[in-house]
Amino acid sequence: MRTQVGIVGGGPAGLLLSHLLHLRGIESVVVEARSRQYVEDRVRAGVLEQGTADLLTETGVGDRLKREGMVHYGVELRFGGRGHRIDFKESAGGRAIVVYPQNKVVADLFDARLAAGGRIFFEADDVSVHDFGDASAQARPKIRFRASGQPQEIECDFIAGCDGFHGICRPSIPGGALTVFERIYPFGWLGILAEAPPSSDELIYAYHERGFALLSMRSPEISRLYIQCTPDEDISKWPDDRIWQELHTRLATADGKWKLTEGPIVQKGVTGMRSFVVEPMQYGRLFLAGDAAHIVPPTGAKGLNLAASDVLVLSRALAEFYASGRKDLIENYSKTCLRRIWKAQRFSWWMTSMLHLFDADNAFDRRRQIAELDYVTSSRAASQTLAENYVGLPMEPVN
Ligand code: RFL
Ligand code: PHB
């Protein structure tokens with residue numbers, strides 16, 4: 001089988017890339033290791049930057065997002081038993097975030113691709129990539145895999161590695177061609193999905209001496225909540241009652257007036273936290289995008305948004321190549337993306353460092369964190385910095 005762009009991975013990055021390429025008249029085939037159901041049921045991100053939401057809307061996959069997405073013009077930082085609102089209207093030029101779950105983004109993209117006759121292989125086994133190394137060579141890149149037990153080969157002009165952090169594309173690039181920048185944090189998040197109306201209209205990021213807690217949501221009926229835990233926390237030690245108890249403690253206000261609404265917990269899991277970037281994000285005719293190239297700790301809510309900006313840059317570079325033969329945008333793909341990625345890395349690291357307990361015995365660090373939170377919530381300049389980054393820097397770097 002032949003196509004222009006072979007895409008490994010049918011998560012948000014791969015599907016959005018396929019969709020954007022289609023709108024520019026470029027053919028692609030998506031090869032996904034899992035079933036559609038599995039990908040759609042995976043509980044992941046919840047926050048879209050304004051730019052990501054606009055991109056989905058402008059490219060025709062925003063109908064449900066418009067109906068069901070919850071537009072938020074602020075977030076709360078809670079510490080010392082008090083809430084402090086960061087107002088995006090005032091601090092981020094009226095821009096906002098949209099709370100809309102990643103699984104719905106993925107489902108909307110699947111629907112759009114399949115309705116437009118897009119080709120997606122699900123449950124592909126033994127996926128491998130070949131002949132992508134030399135951008136000027138005659139041999140065309142290939143994706144090989146097995147689907148329903150049958151060997152398949154896709155020959156293409158370019159391969160997009162959108163197969164997430166544990167995918168095969170990044171490790172297929174010869175050792176020595178890539179440099180890894182990484183930081184692993186000494187904690188993780190225990191996340192739950194609960195059938196309980198969110199106890200706040202906006203997200204609450206809470207700093208507490210027992211550790212960080214986050215109140216988020218998926219819909220007016222479903223809450224998404226997280227607590228800081230150890231990176232290898234044993235979930236079996238966390239019966240529902242213990243989770244609620246910890247959430248009540250960490251989110252409590254000093255006046256006792258704020259109430260956390262409980263409900264049946266329908267999903268729970270532990271996520272490790274890391275910051276990771278690989279440079280460059282391309283090798284010959286293989287381009288890495290999304291989590292395949294970088295990971296951020298979830299505190300800044302940036303992962304999905306970075307996946308979207310990567311594939312926007314890549315789709316424009318490929319469109320320019322096919323339209324005019326211009327290669328400079330493709331050659332600069334990694335450089336263009338990395339400018340935005342490093343700013344999101346910085347922001348995610350900063351939010352993480354400000355809000356988590358690193359070392360319970362380090363009183364200096366805790367005083368410093370409180371001072372930082374106090375500063376961010378009382379200085380106009382500092383709250384503006386948080387707001388501007390949280391709602392999202394421009395999707396493509398501005399010179
Ligand atoms: P994905 O979503 O991991 O998709 C990769 C796809 O590739 C498939 N795959 C393969 N396919 C073929 N062959 C192989 N060998 C393959 N290996 C893997 C996988 O099955 C999968 O379908 O990466 P992508 O597309 O780059 O998207 C990235 C986002 O999923 C990720 O950055 C976000 O979920 C991160 N994230 C958040 N991002 C936000 O922007 N806002 C948030 O609020 C937010 N919250 C979160 C998050 C991630 C979390 N976890 C679980 C890590 C909260 C959490 C708890
Ligand atoms: C979520 O709703 O899952 C979520 C929200 C904000 C974050 C991370 C995750 O920073």
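Note: hydrogens, waters and symmetry copies are ignored here, and every other heavy atom, side chains too, is used. Being a predicted model, the structure only gives us computed values, none of them experimental. All ligand and atom numbering here is 1-based and tracks the order in the structure.
Listed for the R78 side chain is a donor-acceptor partner under 3.5 Å among the backbone atoms of L251. Side chain of H84 to backbone of D374: no donor-acceptor contact under 3.5 angstrom is found. Without hydrogens or angle criteria, K302 side chain to Y390 main chain gives a donor-acceptor distance under 3.5 Å.
Ligand 1 places these atoms under 4.0 Å from at least one heavy atom of R34: 20 (O). Contact atoms of ligand 1 toward V8: 12 (C), 13 (N) (distance under 4.0 Å to a heavy atom of the residue). Those atoms of ligand 1 with a heavy atom of G164 less than 4.0 angstrom away are 3 (O), 5 (C), 23 (O). Near G167, meaning under 4.0 Å from one of its heavy atoms, ligand 1 places the atoms 17 (N). Residue G46 approaches ligand 1 through these ligand atoms, each under 4.0 Å from one of its heavy atoms: 42 (C), 43 (O). Residue-ligand proximity, C162 to ligand 1, at heavy-atom distances under 4.0 Å covers atoms 5 (C), 6 (C), 7 (O). With ligand atoms numbered from 1 in the order given, ligand 1 contributes 53 (C), 55 (C) to contacts under 4.0 Å with heavy atoms of Y226. Of all atoms in ligand 1, numbered sequentially from 1 with element shown, those under 4.0 Å from a heavy atom of A301 are 39 (C), 40 (O), 41 (N), 42 (C), 43 (O).
Of all protein heavy atoms, the one closest to atom 18 (C) of ligand 1 is D163 O, 3.2 Å. Counting only heavy atoms of the protein, atom 4 (O) of ligand 1 lies nearest to G11 CA, 3.6 Å. Summary of contacts: the protein heavy atom closest to atom 11 (N) of ligand 1 is A33 N, 3.1 Å. The protein non-hydrogen atom at the shortest distance from atom 38 (N) of ligand 1 is L304 N, 3.0 Å. When only non-hydrogen protein atoms are considered, atom 8 (C) of ligand 1 lies nearest to E32 OE1, 3.2 Å. For atom 15 (N) of ligand 1, the closest non-hydrogen atom on the protein side is I168 CG1, 3.6 Å. Summary of contacts: the protein heavy atom closest to atom 37 (C) of ligand 1 is A45 CB, 3.1 Å. Protein heavy atom at the shortest distance from atom 26 (O) of ligand 1 is D291 N, 2.9 Å.
A salt bridge is absent between E153 and K142: the closest approach of a Lys/Arg side-chain nitrogen to an acidic carboxylate oxygen does not fall below 4.0 angstrom. Ion pairing between a basic and an acidic side chain is recognised when a charged N comes within 4.0 Å of a carboxylate O; E246 and R250 show such pairing. With respect to R36 and D111, a salt bridge is recorded, a charged nitrogen being found less than 4.0 Å from a carboxylate O. Electrostatic pairing of E68 and K104 counts as a salt bridge here, judged by a charged N lying under 4.0 Å from a carboxylate O. A salt bridge links E27 with R119: the closest approach of a Lys/Arg side-chain nitrogen to an acidic carboxylate oxygen falls below 4.0 angstrom.
Any N or O atom pair closer than 3.5 Å counts here, and R42 shares at least one such pair with ligand 1. Looking at ligand 1, you won't find any N or O of G14 less than 3.5 Å from one of its N or O atoms. Remark: ligand 1 and G290 share no N or O pair separated by less than 3.5 Å (distance only, no angle test). Taking any N or O of R224, backbone or side chain, none lies under 3.5 Å from an N or O belonging to ligand 1. Residue A13 has at least one nitrogen or oxygen atom sitting less than 3.5 Å from a nitrogen or oxygen atom of ligand 1, judged on distance alone. Taking only nitrogen or oxygen atoms, main chain and side chain alike, F165 does not reach within less than 3.5 Å of ligand 1.
If you look at F132 and F158, their ring centroids are not closer than 6.0 Å. Side-chain rings of W342 and F181 approach one another, their centers coming within less than 6.0 Å. Under the 6.0 Å cut-off for aromatic ring centres, F287 and Y333 qualify, their centroids lying closer than that. Checked against a 6.0 Å centroid threshold, the rings of Y207 and F212 do not count as neighbours. You'll find the ring centres of F121 and F145 inside the 6.0 Å limit.
For Q228 and H208, the side-chain atoms include no donor-acceptor pair closer than 3.5 Å.
Atom 33 (C) of ligand 1 has its nearest heavy-atom neighbour, among R44, Q102, M273, in Q102.
For the atom pair CZ (R85) and CG (L77), the distance works out to 11.5 Å, reported to the nearest 0.5 Å. Atoms CD1 and CZ, on I120 and R113 in that order, are 7.0 Å from each other to the nearest 0.5 Å.
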Inset, instruction - Report the C-alpha separation of D157 and R140 in whole Å, then their side-chain angles, then the decisive distance to 0.1 Å, and conclude whether the salt bridge (charged side-chain N to carboxylate O under 4.0 Å, His left out) test is met. - result: CA-CA 6 Å; D157 300 333; R140 281 160 55 89; 2.6 Å; yes
Inset, instruction - Apply salt bridge (charged side-chain N to carboxylate O under 4.0 Å, His left out) to the pair E49 and R340, showing each step before the final yes or no. - result: CA-CA 14 Å; E49 294 173 354; R340 184 173 202 275; 2.8 Å; yes
Report, one line per pair, each donor and acceptor closer than 3.5 Å where one atom sits in a side chain of residues 90-101; sequence neighbours left out.
residue : atom : partner : partner atom : Å
S91     : OG   : D87     : O            : 3.1
R95     : NH1  : G392    : O            : 3.0
R95     : NH2  : G392    : O            : 3.0
Y100    : OH   : R64     : NE           : 3.2
Y100    : OH   : D108    : OD2          : 2.6

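Distances from ligand 1 to the non-hydrogen atoms of H166 include no value under 4.0 Å. Contact between G191 and ligand 1 is absent, with no heavy atom of the residue lying under 4.0 Å from the ligand. Residue contacts with ligand 1: Y38 is excluded, as none of its non-hydrogen atoms falls under 4.0 Å. Ligand 1 lies nowhere less than 4.0 angstrom from a heavy atom belonging to A124.
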List below, pair by pair, the N or O atoms of ligand 2 and of the protein that are less than 3.5 Å apart, including the distance to 0.1 Å; reply 'none' if no pair qualifies.
residue  : atom   : partner : partner atom : Å
ligand 2 : 2 (O)  : S216    : OG           : 2.6
ligand 2 : 2 (O)  : R218    : NH1          : 2.8
ligand 2 : 3 (O)  : R218    : NH2          : 2.8
ligand 2 : 3 (O)  : Y226    : OH           : 2.6
ligand 2 : 10 (O) : Y205    : OH           : 2.7
ligand 2 : 10 (O) : P298    : O            : 2.7
ligand 2 : 10 (O) : T299    : O            : 3.4

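The side chain of T271, and not its backbone, has at least one atom closer than 4.0 Å to an atom of ligand 1 (non-hydrogen atoms only; side chain from C-beta on). Looking at V31 against ligand 1, only its backbone comes within 4.0 Å, counting heavy atoms.
Summarising the local packing, CZ of R242 is surrounded by more than 12 heavy atoms from other residues, nucleotides or ligands at distances under 6.0 Å.
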